[in-house]
Structure formats: structure tokens, C-alpha cells
Amino acid sequence: VATTAAPAQAATSITINGTSGGRTFDGVGAISGGGGNSRLLIDYPEPQRGQILDYLFKPGYGASLHILKAEIGGDTNSTSGAEPSHQHTRSDLNCDRGYEWWLMEQAKARNPGIKLYGLAWGAPGWIGGGNFWSTDMVDYLLSWLGCAKQHGLNIDYLGGWNERGYSISWYEQLRGALDSNGYGNVKIVAADSDWAVANDINSNPAFASAVSAIGTHYPCGYRSSQSNCSVPSAATSSGKTLWASENGSDDYNGGAQAVARGINRGYIDGRMTAYFNWPVVASITPNLPYPTMGLALAPQPWSGHYAIGKNAWVVAQTSQFTAPGWHYLDASSGYIGGNRNNGSYVSLKSTNGSDYSTIIETMDAGSAQTLNLDVTGGLSTKTVHVWSTDVTSGNPADYLVHTADITPSGGGFGLTVQPGRVYTLTTTTGQGKGTATGPAQGTLKLPYSDSFDGYATGTEARYLMDWQGAFEEVGCGGGRGGRCVRQMSPQKPITWDALSDPHALLGDMSWSNYTVSSDVMLEQSGYAELIGRAGAQDYSSTGGLNAYHLRVSDTGAWSVLSSNTNGTVSTLARGTTTALGTNRWHSLSLTFSGTAITAVIDGATVGSVNDRTWAGGQIGYATSQGETAQFDNLSITPGS
Ligand code: 147
């Protein structure tokens, strides 16, 4: 590490003034959910699983997040999967479902100071008779907070309905319910949508007192360069804390420029004091929507392969050098030389004491610039440590590098900043960059089988990713011992996006010729399906899936179907066999060999068709809406 103390010439002057006013910094966070994007992480082997968690949450190691925003599961798709509800029905309660509790615990274990924020995208259909803005939904959030308490997790922030507007009276009711149930310290964020809520906050004092922070999504542009983060004056003048409560939606490496701009400019342009990246990790298979978005990529628990993104290191350039509760120094934050293209800088002062950090980004600069920094207003005169990330580089060795230690002379120092970089100047120490690396990619080997017996009730079977509904471990029905997978949602959900039949997917996109077989038991009149060669999945318009299906009904009606993301379902073969009834176990199998597809029910071949639409992909289970079918003894054997 070089030591320099150079007064620069022809420089831009920046004063870091400890007496400057500025808003309180709330942190840099990321979102697990909205939805399903963390699903495969819990199935990772050690030590890789712990390494990924360290890179996300451990202070002085990686992204070192200040806030984790987690989905409150609703048994319905919320972008890249469905997350399970703690109450599939009104009378049901299980506080151990899914992976968000686990993830929050893991985050807290690494950083006890991390803040937690819960938000629902959808909800089980029993709530409010299908009305989200209902007393049932308030009660549902209270029971979720009760679950958090059981896990020893204090929830700091709670939202309403992701990107589906707001009900003023509902937010007021929620505030009252929190206060009267011992959750007076839980702050409400509204409305995880656009800025419209600001006008109502300004005109309605009761609403204003219910809401602590205005959280807006993509306030600097959706998946854009994040170059302009202006906020309407109604929001700035509301006196409320302002957040970019969802941002990102960019590739784990390719989003780094946008993240660098967004964190700084969100404050400079819009006085937003928290930035949340969507999502925290891309832990889903590559056929699903947004497969590489986040701070890290972890799509293969079977190989242990993972990759930490450039986005994480850009986040670290702020998160590792600040903490929630620090104060922005407005007089020491802005654009270099007043020109947006030169880059931006924000300065923050520690909560107690005189430490400071200045984060500079030069994403749009065309050439090197010399800065003359003056430190005043009671700030520390200690050595200034310089860390930087070369966002133009594809080499991880260029991210979060400790590049210099500067001894200020006469309260000042000079720094030359190159284009396309983030620099952090700080008097703090303790930063670091993890060194763990994961293994190479690999396929999920066939044969693959799961008896579903080795799990606790209420958990999710290994690698089985819910898309709609909730597929969960239960004691088997129909007189069978052991454990089975059951579709737990007995009603149509309050959706966030496109409704589809409940289904869950599993496996490797490289699978092509194979036989998938499973036992199945219907609990009500309706159908269950075995899915094969599943590929791309739509979430926003049709909920359609590229796949083949063997569908069987209690009546004995069966069909071999081909579906696609346009929402088209074509019948390749159909017929009727002996009635399957309910609460009786049956066996199904689907074999794919080149273009030949063979469907077998209870040992008898019912359909043989040729189709060349789908060449390979995952297996899956599906049910008709509200059908709580059970599945057992999954087996996938390689074919030719
Ligand atoms: C967000 C959702 O909140 C996330 O769950 C996820 O779906 C994410 C994917 O980019 O998008 O929803 C948005 C959808 C569209 C816009 C903004 C957010 N938009 O077009 O501005």
C-alpha cells in the first residue's frame, strides 16, 4: 500500500465538513423474495453455503449488508417462485416454513446489527375473502411478527403490498394493531410502489403518523443506468424518511455501474437514505425469470458452484465504511465540479466520534480527475485509507482493493480518480475482502431419487422449487407410512402476478432423455400432474411453462399435454382409465426418448406420442387449483 500526501494541481476542491447538516443514513440492503430467488441457497452443501452467507452478511468480508428485506410468503408466485405462507389456511400456523426465517437468522448470526424488513407480495386466498386490504391481512402480519419473535428475530420495518398501491385506512389500522400488540417499535414503510403515497401523507395527518418511511421502487429508473434519481417535492417536503426500497433487477456483475450510481445519487438527487438491491442472491435455476440478478449467483446446490458478483463489491464500497445511524454531510455530497458526468460523491459522518467516509463514483467520467480534499468541522485528522473498485474491470482482483493510505497535511490531501471506479476514503478500519471460492459448475447426476422420508414436517424437499402454491413435507395420507410432499394451498391465492396451477420444479436443464416417475394421491376431485422437460417459465402475463405434462384426474381421465410460455396448452393424447378416486395412491411415469413420449399409469402404458417441441429440461409436480394432492417416491432415471 503506497503512501501519498500530494497537494494536487488544477484540481476540483471538495470540503469534507463535519458540521454540515444531512439526513440520517439507514443503510444499504437487499431483498430476499419477490420471489423465490433464495430458494436453492438453503440446499447448498457446506462449506459453500456458509461462504455465500459470509459474502452477503459478514461485516468486513463482502457485501456486508445493513438491511435484509424478506418476503412474507403467500403461497403464490412473486416473480421467480412462490414462497410458503406461515398460514396456508385460517386455522393453520407454522413458523418454520421456507427459507426466509433461516436466512434472517443466518444474517443476524453474522451481523447482530443487521436490520430486518418484511413485505408481502401475495397472500393465501382465505385472507379477507380474497381482499388483501383486510383485517385478516393485518392479523396475518401480526402472526408473522409472532413467528419472527419465536425465531428471536426483531423486525425493524414492515411494508404493505408490494407494488399494488395502498389503502390509507389499512395502513392506519396496521399501525394501531402494531402499537396495541407490543410492536410499537416496528416502523411502517409505505407503499413499496411509487411516490403517489407522498401526497396523501402530506394531506392526512393520521396517515402521516402511521407511516415512518416512504419506500419507492426504482426511483432512479427501472433497470436503467440509475443516473437520475429525482424525487417529487411532495416527498422531500413530507418530512418522512425516503427510501429506494427496491432497486436493481440487474445482472450480478453487469449491474455494478447502476448500483454505484444509484447508492450515491439516490441521496444526492432525492435525499433517499436507503438503497435495496433486488434481489440479494440469484439462487434459482437458469430457466426461471431473472436467473442472474442479485449480488451473487448460487444456482447449483448439487455442485456447490457459486460466484460473487461485482455488484456485491460495489455495495461493499459503501456498506463496509458506514453503518445505519451515520449522518450524511450535505455540504460534502454532490457532483464533481457540479457536473453529473464527472461523477458523484457522498460523505457520511459516524454516529459517535469524528470518523468519516466519502464514497466517490466516476461511472460516467471520460478521464482522470484530480481532487483536492479539505477536512474540517471537527472530523478526524487521522490517516485516510483509500479503497477502490474498478467497475470497468472483469477481474475480481480489481474489486474492493485497499489502494492507498494518505496522511493529510494541513487538513488536506489530494487524490487522482480514474474513470469508471468507485473510491471510498475513510478514517475507519476493519474492512476486508473474503477469499473463499467455490467449485466449478456441474450437472445434477442421474439417476436421482427422493423418498421424501428424510425431512421434518413442514419443510421443502431438496431442490424442489415452488412456483405456485406450496409443496411441503407431511406425514403421508392414504394409509401410507413415512413422509410425502403435499400441495398445501387449498384455495386460489391473492396473486401478485399471473395465476397458474400450483406447481413445483426440480432438476437440471441439461436433462433430456429420462423417465420420471412418482406416486401420487388426490385428496379432492381434481387433477395432479407429473411434468417433464420443463424449461422457461412466464410470470408476468400467462404464468405458462414450456413443458410436457401427464395429467390424471380422480375420474380416470388422463392427458399428455404440451404447454408453453404463451399460455397455450395442447393435448397430445388423452383417454380414460379406471377411476383414480381420492385418498388412494397411484403410480405415474413419463418417459422421454428423443421425440417419443410414453405415459404410464399404475404400470399400464396409456399414451405414446411423438413430439419435438421440448428437447429437455426439469421435472415437476402440478395440481389443479386448490387440490391438495400428495406425491411420493420421486425417481428420475437416465434414458437414451
Ligand atoms: C419488481 C418486483 O417488485 C420484483 O419482485 C421483481 O419482479 C422485479 C423484477 O425486475 O420487479 O417489480 C417491478 C416491475 C416493473 C417495474 C418495476 C418494478 N417497472 O416496469 O418499472
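Sequential numbering from 1 along the given sequence is applied to the chain's residues.
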Any [X] side-chain heavy atom under 4.5 Å of [Y] side chain:
X: W102; Y: L41; value: yes
X: T89; Y: P124; value: no
X: H151; Y: D96; value: yes
X: H88; Y: D75; value: yes
X: Y455; Y: D450; value: yes
X: I31; Y: V280; value: no
X: K69; Y: Y157; value: no
X: N162; Y: E71; value: no

Suppose we screen for salt bridge (charged side-chain N to carboxylate O under 4.0 Å, His left out). Which residues come up paired with [X], at least two apart in sequence or across chains?
X: D250; answer: none
X: R533; answer: none
X: D156; answer: none
X: D519; answer: R480

Going by ring pair (Phe, Tyr, Trp, His ring centres under 6.0 Å), name the residues that satisfy it together with [X], two or more places apart in sequence or in a different chain.
X: Y527; value: none
X: W161; value: F132, W133
X: Y44; value: none
X: W302; value: Y463

Exercise for the section: Can you tell me which residue pairs pass the salt bridge (Lys or Arg N to Asp or Glu O under 4.0 Å) test with a partner in residues 115-137, sequence neighbours excluded? Expected result: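 Of all non-adjacent pairs touching residues 115-137, those that pass salt bridge (Lys or Arg N to Asp or Glu O under 4.0 Å) are R90-D136.
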Problem - Those residues that, when tested against W170, pass side chain to side chain donor-acceptor pair (under 3.5 Å) (two or more places apart) - result: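 For W170 there are no side chain to side chain donor-acceptor pair (under 3.5 Å) partners, ignoring immediate neighbours.
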Handout entry: Salt bridge present between K108 and E105 (N-O < 4.0 angstrom)
Key =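 No, this pair does not count.
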Practice task
State plainly whether the residues R110 and D54 are in salt-bridge range, i.e. N to O under 4.0 Å.
Solution key: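 Salt bridge between R110 and D54, a charged N being under 4.0 Å from a carboxylate O: yes.
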Exercise for the section: Kindly state each residue pair satisfying side chain to side chain donor-acceptor pair (under 3.5 Å) with at least one member in residues 488-500, sequence neighbours excluded. Expected result: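 Sorted pair list: Q468-S500.
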Problem - Pairs where residues 618-628 contributes a residue and the test side chain to side chain donor-acceptor pair (under 3.5 Å) is met, not counting sequence neighbours - result: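 For residues 618-628: T285-Q618, N287-Q618, R486-T628, S518-Y621, E523-T628, Q524-T628.
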Exercise for the section: Spell out, as yes or no, whether a donor-acceptor pair under 3.5 Å connects the side chain of R483 to the backbone of C476. Expected result: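 Checked: no pair found.
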Handout entry: Rounded distance (nearest 0.5 Å) linking atom CG of L590 with atom NE2 of H549
Key =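 Result: 10.0 Å between the selected atoms.
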Exercise for the section: Report the distance from atom CG of D139 to atom CG of L141, rounding to the nearest 0.5 Å. Expected result: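 That separation rounds to 9.0 Å.
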Would you check if there is a donor-acceptor pair between the side chains of [Y] and [X] at a distance under 3.5 Å?
X: T459; Y: E472; answer: no
X: S589; Y: S517; answer: no
X: S525; Y: D554; answer: yes
X: T515; Y: T591; answer: yes
X: N277; Y: Y252; answer: no
X: S78; Y: Y539; answer: no

Practice task
With salt bridge (Lys or Arg N to Asp or Glu O under 4.0 Å) as the test, would you mind laying out the steps for R39 and E460 before giving the verdict?
Solution key: CA-CA 10 Å; R39 167 63 188 92; E460 297 176 20; 3.0 Å; yes
Any chance the rings of [X] and [Y] have centres within less than 6.0 Å?
X: H217; Y: Y222; answer: no
X: F592; Y: Y514; answer: yes
X: W278; Y: Y290; answer: yes

Exercise for the section: Any chance you could lay out the salt bridge (Lys or Arg N to Asp or Glu O under 4.0 Å) test for R551 and E529, step after step, and finish with the verdict? Expected result: CA-CA 4 Å; R551 175 180 294 182; E529 296 180 359; 2.6 Å; yes
